[in-house]
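Following: one structure in structure tokens, then a few remarks.
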Amino acid sequence: MAKEELEVIKEADLTNNCPECFNQDMKITFYQKHKHGKFFHRTTDEVSCQIKCNKCDSIIYPVNWTEDIERTFKYYQKMAAPKRTTMRFTLLFYVLMLLLIVVVGAGVYFLLQGSPL
């Protein structure tokens, strides 16, 4: 089972008013999803976002966004460039593949030789 992890790709302070407490101390953070398994590490193209007020510690959901927050979000969304999607295999994958190749090669060798094990 792959473990999912969110990596921060862009973080910025906002000077918009918070819809909850009307303070101007908010932070927008963009995350990119990474999956880690026993055989691979994958960087996906999924990007998520979170806007949080630093004073009242509330998360500002898109339903509560004002027009100013919406414009600021679109601006920072264009600036948040995710890393390209990749898939890297782990050492365990390569060891198992090498072991499989050796076993198949030995099997073919003994089959062609006609001698019992």
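For this chain, numbers begin at 1 and follow the sequence in order. A quick note: this is a predicted structure, and the numbers were derived from the prediction, not measured.
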For [X], give me all partners under side-chain hydrogen bond (donor to acceptor under 3.5 Å, both in side chains), at least two apart in sequence or on another chain.
X	value
Arg71	Asp68
Gln50	Tyr31
Lys55	none
Asn54	Asp25

Side-chain donor or acceptor of Thr44 paired with backbone N/O of Lys33 under 3.5 Å
yes
For the residue pair [X] and [Y], what are the closest heavy atoms and their distance?
X	Y	answer
Thr90	Phe40	CG2-N, 3.9 Å
Cys53	Met26	CA-CG, 3.9 Å
Pro82	Ile9	CA-CD1, 3.9 Å

Under a 4.5 Å side-chain heavy-atom rule over Ile, Leu, Val, Met, Phe, Trp and Tyr, are [X] and [Y] clustered together?
X	Y	value
Met87	Leu92	yes
Leu98	Leu96	no
Phe30	Trp65	yes
Leu112	Val104	yes

Measuring from atom [atom1] of [X] to atom [atom2] of [Y], what distance do you get when rounded to the nearest 0.5 angstrom?
X	Y	atom1	atom2	answer
Glu20	Asp57	CD	CG	12.0 Å
Glu46	Lys35	CD	NZ	6.5 Å
Glu11	Asp13	CD	CG	7.5 Å
Gln77	Glu70	CD	CD	9.0 Å
Leu14	Tyr76	CG	OH	6.0 Å
Ser48	Gln32	OG	CD	9.5 Å

Determine, step by step, whether Cys56 and Asn23 satisfy the side-chain contact (heavy atoms from CB on, under 4.5 Å) criterion, reporting the C-alpha distance in whole Å, the side-chain angles of both residues, the deciding distance to 0.1 Å, and the verdict.
CA-CA 9 Å; Cys56 64; Asn23 191 22; over 6 Å; no
For Val95, which fellow cluster members are found when Ile, Leu, Val, Met, Phe, Trp and Tyr are connected by side-chain heavy-atom distances below 4.5 angstrom, either directly or through intermediates?
Leu91
So Lys52 and Thr29, side-chain contact (heavy atoms from CB on, under 4.5 Å) or not? Walk me through it.
CA-CA 8 Å; Lys52 185 174 183 180; Thr29 309; over 6 Å; no
Evaluation steps, side-chain contact (heavy atoms from CB on, under 4.5 Å), between Ile51 and Ile69
CA-CA 9 Å; Ile51 298 178; Ile69 294 174; 3.8 Å; yes
Apply side-chain contact (heavy atoms from CB on, under 4.5 Å) to residues Thr72 and Ile28 and explain how you reach the verdict.
CA-CA 9 Å; Thr72 307; Ile28 185 168; over 6 Å; no
For Tyr75, which residues count as a side-chain contact (heavy atoms from CB on, under 4.5 Å) partner, sequence neighbours excluded?
Met79
